[in-house]
Amino acid sequence: MELSKNFIAGEAEAKWYAHWLEKGYFNSTPDEREPYTIVIPPPNVTGVLHMGHCLNNTIQDILIRRARMQGKNACWVPGTDHASIATEAKVVGMLRERGIAKSSLTREEFLAYAWEWKEKYGGIILQQLKKLGCSLDWNRTSFTMDKDYYQSVMKVFVDLHGKGLIYRGKRMVNWDPVSLTALSDEEVIFKEVDSKLYYVKYLLTDKDGQPSGAGLTVATTRPETILGDIAICVNPTDERYTNLIGKNVLVPIINRVIPVIADEYVTMDFGTGALKITPAHDKNDNMLGIKHNLKAIDTLDASGKFTAENLMEDNPSELVLSYVGVDRFALRKKIVEDISALQLIEKTEEYKGQVGTSERTGAVIEHRLSLQWFIDMQKFIANNPEILSAVSDDTIAFHPAKLKNTYSHWMGNIKDWCISRQLWWGQQIPAWYDEAGNVYVAESLEALHVNQPETIGLQLKQDEDVLDTWFSSWLWPMEVFKGISHPGNDDIAYYYPSTTLVTGQDILFFWVARMIMAGYEYAGQRPFKDVYFTGMVRDKLGRKMSKQLGNSPDLLALIDNYGADAVRFGIMVSSPAGNDLMFDESALEQGRNFNNKLWNALKLVKMWEARVADDNDTSDTNSFAINWFTNRLNEVKAEVEILMHQFRLSEALKTIYSLIWDDFCSWYLEWVKPGFEQPVEAAVFNTTVAFFEELMQLLHPFMPFVSEEIYHLLRQQSTDLCVTQNAPTIAAAVPVLQQGELLKQVISALRDARNKNQLKPKETIQLHIQTEDSAAFKAIENIISKQVNAAAVFYTNDTVANSIVVAVEQNKFYIESEQKLDSAALKADLLKDLAHQQGFIASVQKKLSNEKFVQNAKPEVIELERKKLSDAAARIKTIEEGLAGLN
RNA sequence: GGGAGCAUAGCUCAGUUGGUUUAGAGCAUCUGCCUUACAAGCAGAGGGUCCGCGGUUCGAACCCGUGUGCUCCCA
């Protein structure tokens, strides 16, 4: 069969993926084998595959394919997340383009559009994962809004509510005035922005409440909230203000009389040391407001526009009423102007401050008081102390382990989790209100009527809000096996807890921590044994990938250009565990070149097929080569096993790459390669094919397509590589490996000497070997002469005059050639080496002559130093002989 | 403001309880080769104040202190 010039990735990918699916290799059902379970971090249902997914899922596929080849029952569960905020934003955007406003729709109409959108775009991302070669059990595809899943979320809400872990409360929340919803702390991104610090004067009042002329200056970045001020706060130890504590001041424009109070919270050296308190619009102010029992006056509505609704007690002036409906940023300007007109702005300073923005819409968030549902996290953790201990004692092992600190630090400072979102797309909160405002919680209205018959006949209205997306995805490792909706079923009993979770560091708190919480609360055990955290994929300049920068490559185009295996190789070879990854397309090129290298090695072996010798003779040289590679392969298999166990995937791949490219192709194949059109020994051919198969097996989890293709082209196979079980690893024989290393060193040193002396590759040499072990060299002299282009090999006990001398360990090699040697260059080279050796020997001698070293160091260390000394001395002797021979 | 981490070749990174030749790999660079598997290749080479300073030790890239620079998380 004629093989194409290069490996054609696209054809192999389509062919093998379809074949694997048809054979059902990726499907798993419980049996007597040990399970190896991974649940995919569910991507957003309407998302498309990006580099982060590529990294993440390649890693998962490597782990799951390797487990499958190790005889485990490998189960990798796919699925998607309904992603309430992101998806709703997309649907709203789509409707806007069609000229439909969300506000003109009923909830049911909107949800119909959303489902339509989901049916159309949902799952595209899953198709893309197939392109990457991901071996997911597609029969198990889950979605966080599937009927059972939805019901399990309801069940958990009701359960936690019943346990007193969920409460409803008016709290200060992060409010996104664009999407009109509360955000959890984790959804707020702090950005540094240039703003201004305004110094505003509040006039002191006399006994009659009239302005006394004197004033108190407050520095603020948010003058638009001034009309909600309820107090001025100073530090009680601040001598500048002690006489003012207890006095009253007037709020500019609205002329509300407010007190000056004292609290240690206030930093004396920020601004003027006096802080205005606006409990409705700032978290810290709110905290102070509660402490000092102050009223909160809300002056901004849900969309961040001014409202006078709560100002009626202040008899608002026409000026104040003119602000109604003005957006917060315009309002800031207006109020500054108006206070300025009252001559109450003392000065303005430039200020760099941190501003919270919404992760989804980018809008500057407001702190806003609103009625939300919360989970009492302290209590939750107190009920399940394993949430903390499991991570600290490695019951759940984090890779890299440094994230354990981050986890425990976060857990130690945990805040209650706001789980309600003012959206429609998602699980609607299962709470109903009667006309009197009483709240009833139940899995459904029917359930409510059954549980609390007194509610029958009441006018009930369900809570408008939905639950935070993470309130459903924290159940993922259980509910993909229907562990919540159908407790105790065969799947959950077999697959849970899952083996490894692979996810991004950025969702450690959002998701990983909460799955651990849910795992202990609802399954009574850890949700996974190991967590492998990936870093962020950045571009080669270290920038985050973003649409604005346009530095986010189109993954499918990359797969088309380089092939899926090359993409997998490229992303894995440059991905240190847990660190950010600088993505560079040249890594993919390396992957494609590797494919090609494999392909060419295959072509060589296939060429031999027609020329296998009839007899069964095997030369000593070839026996040596085979024996060496057998052991080298065993050595690397053991190394890879350790690396995989430590989740050092990138290093495992590099190790395999080097084994194939360097040891197999550059050394082994060259050693056993017959001369032009010469027959190949039967043993060489058969063993080489077997080696090649083992190499493909080792590589398969990383590069599944090219390995499967080559495996089948090597010879007729009875099964597929994808499910071929690994043979147990055999310990390598060290002496054979050492001999191989010596041979490589000799060849490299001789080639280097040839190169330095500008001997043309085609020019043959006479090689003289001076060694104490000529028998060892006789077995491999054919390899040496082939590799360094020697016409003849001699053994000698003496220096060979007018030759290039090369020393490797205790052995000396003399190169004789027709070409005249450049003795000056040779001499310079030898002198340089001599100086290096002498420097080295001096440092070793210094160590050995140090009595304290000899007394304290371990015997084997001293022994080693002695060996270094004798090796170096021998080497110096050789160099000196070489120098003498040149003169 | 609080916490965590990082700094090794031009770039990206290894370097296991402190001792395995005065530090390794891949990529990039340079030199020579179109050698019948492979120029998407082959053979070789050069390149480092292990961030600075101080300390512990017989011995430090590794441990301790300190300074500098960077990154991330939290407020």
Side-chain angles (χ1 to χ4, degrees), chain A residues 3 5-7 185-186 188 190 267 270 283-284 354 356 400 402-410 412-413 415 505-506 508-509 535-536 540-542 562 566 573-576 578-584 586-587 589-608 642 646 648 650-651 653-655 657-658 661 665-666 669-670 673 675-677 747-756 758-762 787-789 836-837 839-844 846-858 860-862 864-865 867-869 871-872 875:
Chain A
L3 291 173
K5 184 173 187 296
N6 290 330
F7 172 62
D185 289 343
E186 288 75 18
V188 176
F190 286 88
T267 315
F270 182 83
K283 259 189 184 167
N284 296 316
Q354 296 282 321
K402 64 181 180 189
L403 289 171
K404 284 164 71 173
N405 287 337
T406 317
Y407 177 85
S408 61
H409 188 253
W410 185 74
N413 297 289
K415 306 265 178 350
Q505 282 181 30
D506 50 338
L508 170 58
F509 305 130
M536 193 184 293
K540 65 177 170 185
L541 301 173
Y562 296 94
V573 84
S574 48
S575 92
N579 285 334
D580 284 357
L581 175 156
M582 311 289 177
F583 177 77
D584 186 348
S586 71
E589 240 171 83
Q590 201 189 339
R592 182 199 55 191
N593 295 352
F594 186 36
N595 273 339
N596 204 35
K597 184 73 183 178
L598 294 166
W599 194 250
N600 280 306
L602 172 72
K603 285 203 287 191
L604 176 68
V605 176
K606 291 308 279 184
M607 234 170 62
W608 294 349
I642 293 168
Q646 298 170 331
R648 296 165 75 167
S650 184
E651 282 179 64
L653 175 59
K654 284 179 191 168
T655 305
Y657 173 82
S658 165
W661 199 305
C665 292
S666 297
L669 287 179
E670 293 298 335
K673 187 157 95 177
F676 183 51
E677 290 186 346
I747 293 168
S748 290
L750 291 171
R751 282 170 169 171
D752 180 28
R754 287 186 59 120
N755 241 324
K756 289 243 169 74
Q758 296 177 320
L759 292 177
K760 296 277 174 207
K762 278 182 179 162
Q787 295 266 279
V788 304
N789 198 14
H836 180 264
Q837 293 299 331
F840 175 67
I841 222 165
S843 82
V844 178
K846 192 176 154 201
K847 230 188 239 185
L848 283 170
S849 61
N850 183 335
E851 268 179 46
K852 284 185 175 170
F853 170 71
V854 181
Q855 276 167 19
N856 296 320
K858 284 180 276 185
E860 58 268 31
V861 172
I862 295 170
L864 189 74
E865 292 300 319
K867 183 169 186 304
K868 283 186 201 170
L869 190 66
D871 281 358
R875 195 164 165 94

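Please read these numbers as outputs of a predicted model, since none were measured by experiment. To find a chain, count down the sequence lines: A is the first, B the second, and so on, and within it residues start at 1.
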Compare all side-chain heavy atoms of [X] with those of [Y] and state whether any distance is below 4.5 angstrom.
X	Y	answer
A:K603	A:M607	no
A:Y657	A:V573	no
A:K5	A:W599	no
A:I862	A:F853	yes
A:C665	A:K597	yes

Would you list the protein and nucleotides 56-64 of chain B atom pairs, both N or O, that sit under 3.5 Å from each other?
residue: B:C58; atom: O2'; partner: A:N850; partner atom: ND2; Å: 2.7

With B for base contact, S for sugar-phosphate-only contact and - for none (protein heavy atoms under 4.0 Å), nucleotides 24-37 of chain B reads --SS-----S--BB

For B:G55 versus B:A45, give the span between their C1' atoms, rounded off to a whole number of Å.
40 Å

I'd like the P distance from B:C30 over to B:G47, given in whole Å.
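To the nearest whole Å, 16 Å.
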
Name the nucleic acid region contacted by A:E865, choosing base, sugar-phosphate or nothing; use a 4.0 angstrom heavy-atom cut-off, strictly under.
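Answer is nothing: A:E865 stays at 4.0 Å or more from every strand.
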
A:R592 (side chain) and B:A40 (base): donor-acceptor pair under 3.5 Å
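For A:R592, whose side chain was compared with the base of B:A40, there is a donor-acceptor pair (under 3.5 Å).
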
Please report, rounded to the nearest Å, how far the P atom of B:A7 is from the CG atom of A:D580.
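Roughly 14 Å, once rounded to whole Å.
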
Figure out the CD/C1' separation between A:Q505 and B:C6, and round it to whole Å.
13 Å

From the set B:G44, B:G41, B:U20, return the single nucleotide nearest to any side-chain atom of A:W661.
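For A:W661, the side-chain atoms sit closest to B:G41.
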
